[in-house]
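Remarks on the structure that follows.
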Amino acid sequence: MADISGMTYIMLILASYRLTHLIVFDKITEFIRRPFVKKVKVETNEGTTTKEVPTSMFGYLLKCYWCAGVWSAFFLGGSYLLFPKVTYVIILILSIAGGQSIIETFVGVNIKKVDYYSELHKKDSNKS
């Protein structure tokens, strides 16, 4: 078995995260998921919403991030062990994108918090 360095292991984790997100959530891969899901109207307390529901086991695999995560880890890890030089380029690109998306999530959440607290402060100032 190949010896995987700590940095390569972290890169594999980030690449698997990004590939999983790409498969399950991203708009660009919606065409892959579309044949395996159907839209269903769901009644909630807020009203009627539309939800995508898998129509097959394959559809479930494409909509479930736990399932897709296992398969993306299997694919990337196995590919790296079999073809390290070719797969490394893919892993490098996906891991950079994965790290960036994690950072962007934290930045986006914090920007929303700042906006929220700013609005609260404005409301409190107007009450005084």
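For the single chain, residues carry numbers from 1 onward in sequence order.
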Taking every non-hydrogen atom, the tightest pair across G69 and S72: O-OG, 3.1 Å

To the nearest 0.5 Å, what is the distance between CG on L12 and OG on S79? 10.0 Å

For residues S101 and Y17, determine if any side-chain heavy atom of one lies less than 4.5 Å from a side-chain heavy atom of the other. yes

Examine I4 and L76 and state if one hydrophobic cluster contains both, with Ile, Leu, Val, Met, Phe, Trp and Tyr joined whenever side-chain heavy atoms are less than 4.5 Å apart. yes

Donor-acceptor pair, T29 side chain versus I32 backbone, under 3.5 Å? no

Hey, any chance M7 and Y9 share a hydrophobic cluster, counting ILVMFWY side chains that come within less than 4.5 Å of each other, even indirectly? yes

Tell me, with the steps shown, if K63 and R33 meet side-chain contact (heavy atoms from CB on, under 4.5 Å). CA-CA 8 Å; K63 291 295 290 179; R33 295 186 302 271; 4.0 Å; yes

Between T44 and T49, a side-chain donor and acceptor under 3.5 Å: no

Just wondering, do Y88 and F83 contact through their side chains at under 4.5 Å, heavy atoms? no

Is there a path of hydrophobic side-chain contacts, each under 4.5 Å between heavy atoms of I, L, V, M, F, W or Y residues, that connects I103 with I13? no

Sub-4.5 Å side-chain heavy-atom contact between T55 and V37: no

When the ring planes of F25 and H21 are compared, do they come out parallel, tilted or perpendicular, using 30° and 60° as the limits? tilted

Count the heavy atoms of every other residue, nucleotide or ligand shown that sit under 6.0 Å from OH of Y65, and state whether that count exceeds 12. no

I need the minimum non-hydrogen distance between G59 and P54, along with the two atoms involved. C-CB, 3.6 Å

Out of curiosity, I23 CD1 to L61 CG, how far, rounded to the nearest 0.5 Å? 10.0 Å

With a 4.5 Å limit on heavy-atom distance, are the side chains of Y60 and C67 in contact? yes

Within 6.0 Å of CD1 in I28, more than 12 heavy atoms from elsewhere: no

Could you tell me whether D26 and R18 make a salt bridge, using a distance below 4.0 angstrom between a side-chain N and a carboxylate O? yes

Distance (rounded to the nearest 0.5 Å) between L92 CG and T8 OG1: 10.5 Å

Mind checking whether W66 and V24 sit in one hydrophobic cluster, side chains of I, L, V, M, F, W, Y counted as touching below 4.5 Å? yes

Are I102 and L14 close enough that some pair of their side-chain heavy atoms sits under 4.5 Å apart? yes

Could you state whether M11 and V89 fall into the same hydrophobic cluster, counting links through intermediate Ile, Leu, Val, Met, Phe, Trp or Tyr residues with side-chain heavy atoms under 4.5 angstrom apart? no

Salt-bridged, E52 to K38, with N to O below 4.0 Å? no

Tell me, do T20 and W71 make a side-chain contact under 4.5 Å, heavy atoms counted? no

To the closest 0.5 Å, what do you measure between CD1 (I10) and OG (S5)? 8.5 Å

Please round to the nearest 0.5 Å and tell me the distance separating atom CG of L62 and atom CZ of F36. 6.5 Å

Which atom of T87 lies closest to which atom of Y80, heavy atoms considered: CG2-N, 3.7 Å

